Novice: 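Please read through the structure below; I'll follow up with questions.
This is a predicted model, so every value here is computed, not measured. Only heavy atoms go into these numbers, but all of them, side chains included; no hydrogens, no water, no symmetry mates. Lettering of chains follows the sequences in order, A, B, ..., and the numbering in each one begins at 1.
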Number of protein chains: 2
Amino acid sequence: MATKAAERRLAPRHDTARGAMEPLVQESTPSMIAGRVREAIASGLIPPGSQLGEANLARELGVSRGPLREGLQRLTAEGLLISIRNRGLFVIEMTPERVRDMYLARQAVERAAAEQIHQRDPVSAGAALAKVIDVMASARDQHAESAADVSFHELLVSLAASPRLSRMHEILITETRMCIHALSDLYLPGEAVRVEEHRAIAQSFTGSDPALTDELLVAHMSDAVRRLTDGRLEPA
Amino acid sequence: MATKAAERRLAPRHDTARGAMEPLVQESTPSMIAGRVREAIASGLIPPGSQLGEANLARELGVSRGPLREGLQRLTAEGLLISIRNRGLFVIEMTPERVRDMYLARQAVERAAAEQIHQRDPVSAGAALAKVIDVMASARDQHAESAADVSFHELLVSLAASPRLSRMHEILITETRMCIHALSDLYLPGEAVRVEEHRAIAQSFTGSDPALTDELLVAHMSDAVRRLTDGRLEPA
DNA sequence: TCTAATAGTATTGTCGACAATCGCACGACT
DNA sequence: AGTCGTGCGATTGTCGACAATACTATTAGA
């Protein structure tokens, strides 16, 4: 594998004109690998429970096993993979127990994010969220609808401008997306209901009503958990 | 480095008597390395801002650079280290901004944990927390006092029995400990006050008063942030 | 004296190969 | 018939070496 070094030296002598020239921080290879595999897991391309063969993955991604293993260690730290010594890495399976825990954590993060937004700029946040909801409302298939749903919650947390909340949420959203694909037949709450739930949350920001936002968020999460775990084994 | 394989075959023919025989899950080497380095950072042995030379660390820990880098990738994923390509890994520095964000995230996690405890078994949780407070009250030096403080919050979250909250909290607690050492001169709230704040929280569990717990927790965090960022640059 | 090009050094990034371990299938023994 | 031992194939764990890059010191030039 040839290293891509020539990509660096471009612009022969130009001496940084406007401030528009960024320091060119290229993320590390393990980071890119982790992102790629994470996306593959979230999108259902790599199903839950399956083993990740290092040799295969390395070949597919065009890298050696070294950087690959480093990237996979990240996903292990995120709890997305579990490592069994001398056996390999496996994608976690989403049991009802895990789904409950995941939403418990998501609730913690998103409630905190919402509270933070209310202390910053709830009105413009509500407007931004409303746009995503419009996309959701105009979604034609279930896939686009779910994507908009995810976008809504990602935007919600990012509006809190908290690196740590965002980082924690990214992991949880990955699990959520994985869950959506694995249990896709359960995750259809009826288009209208879903849109309305989200719109209510957005409007609670516009109306600057922290208590209402919190209440709606809790209800929203409870609904999702109920949908995803109903009819399944081991009730709470 | 000799592999410890002989630890596996013990008990010659005994056919699992009581359930006390665990599956003996030995954690992976990168995981152990991550734990070791994490502890070194949390305890202040490796100060914030310092670079982690791979060759040195590998020699000290008695491993090759491969497993070491894998372990370090975990800490990078946790946000404890930042990676600059072709430059190396550096321990993050705790700016006031970061301290605020850290406590925002801690608040999110611990409030959720507290809420969960109230839905499970608040009384026995309060009792367990009271024991830690006794240790804190009998601490002779500042070091032991801080350790008990950390133990209190670790126990608090673990009592919620949520793997995800615990995992997120572990990262945040590491940052907290690092912060305590880096700014040790600021983190002395006066022994009596600190003990009383914690005891109030524990008693709010015993009294099954979720709203009070929440309120005390928020105040507790705000106090810590104020202490750690006061007199420092850039106010909120 | 200050700037700029350059060589040297140290560190990281990547790779290929070897060693260790596990699961499985086949066969022998009680 | 069931259980234990053994060899085989495949995968992971680990290591050492090489390549690429960035920082530093030195030196030539204006």
Novice: To the nearest Å, give me how far apart CZ (A/Arg85) and P (C/dA20) are.
Specialist: 13 Å

Novice: Of B/Val225, B/Leu172, B/Ile171, which meets side chain to side chain contact (heavy atoms under 4.5 Å, CB included) against B/Met102?
Specialist: B/Leu172

Novice: Rounded off to whole Å, could you give me the CD1-to-P distance for the B/Ile84 and C/dA10 pair?
Specialist: 21 Å

Novice: Using OP1 and OP2 only, check whether a side-chain N or O of A/Thr29 sits under 4.0 Å from C/dT14.
Specialist: yes

Novice: Say you draw a straight line from CG of A/Leu129 to CD1 of A/Ile117; how long is it, rounded to the nearest 0.5 Å?
Specialist: 6.5 Å

Novice: Given C/dG13, C/dC15, C/dA17, which nucleotide is nearest the side-chain atoms of A/Arg65?
Specialist: C/dA17

Novice: Below 4.0 angstrom, N of the basic side chain to O of the carboxylate: do B/Glu175 and B/Arg98 qualify?
Specialist: no

Novice: Side-chain N or O of B/Ser64 less than 4.0 angstrom from OP1 or OP2 on D/dG13?
Specialist: no

Novice: Give the intermediate values and the outcome of side-chain contact (heavy atoms from CB on, under 4.5 Å) for residues B/Arg36 and B/Glu60.
Specialist: CA-CA 11 Å; B/Arg36 208 62 99 63; B/Glu60 286 183 36; over 6 Å; no

Novice: Which part of the nucleic acid, if any, lies within reach of B/Gly66 when heavy atoms closer than 4.0 Å are counted: base, sugar-phosphate only, or nothing?
Specialist: nothing

Novice: Specify the separation, in whole Å, of atom CG of A/Leu61 and atom C1' of C/dT14.
Specialist: 15 Å

Novice: A/Glu154 and A/His169: side-chain donor and acceptor closer than 3.5 Å?
Specialist: no

Novice: Select base, sugar-phosphate, or nothing to describe what B/Leu52 touches, counting heavy atoms under 4.0 Å on all strands.
Specialist: sugar-phosphate

Novice: Could you tell me whether the phosphate oxygens of C/dT12, OP1 or OP2, come under 4.0 Å of any side-chain nitrogen or oxygen in B/Arg69?
Specialist: no

Novice: Using atom CG of A/Leu68 as one end and atom P of C/dG16 as the other, report the distance to the nearest whole Å.
Specialist: 14 Å

Novice: Tell me the interatomic distance from B/Asn86, atom CG, to C/dG13, atom P, rounded to whole angstroms.
Specialist: 6 Å

Novice: Nearest whole angstrom, please: distance from the C1' of C/dT12 to the CD of B/Gln73.
Specialist: 12 Å

Novice: Within the pair A/Arg87 and C/dG23, is there a side-chain N or O less than 4.0 Å away from OP1 or OP2?
Specialist: yes

Novice: Can you identify which nucleotide, out of C/dT21, D/dC15, C/dT12, has its nearest atom closest to the B/Pro67 side chain?
Specialist: D/dC15

Novice: Nearest whole angstrom, please: distance from the C1' of D/dT14 to the CD1 of B/Ile33.
Specialist: 11 Å

Novice: Taking the side chain of A/Glu70 as heavy atoms from C-beta outward, which of D/dT12, C/dT14, C/dT12 is closest to it?
Specialist: C/dT14

Novice: Take atom CZ of B/Arg59 and atom P of D/dC15, then tell me their distance rounded to the nearest Å.
Specialist: 14 Å

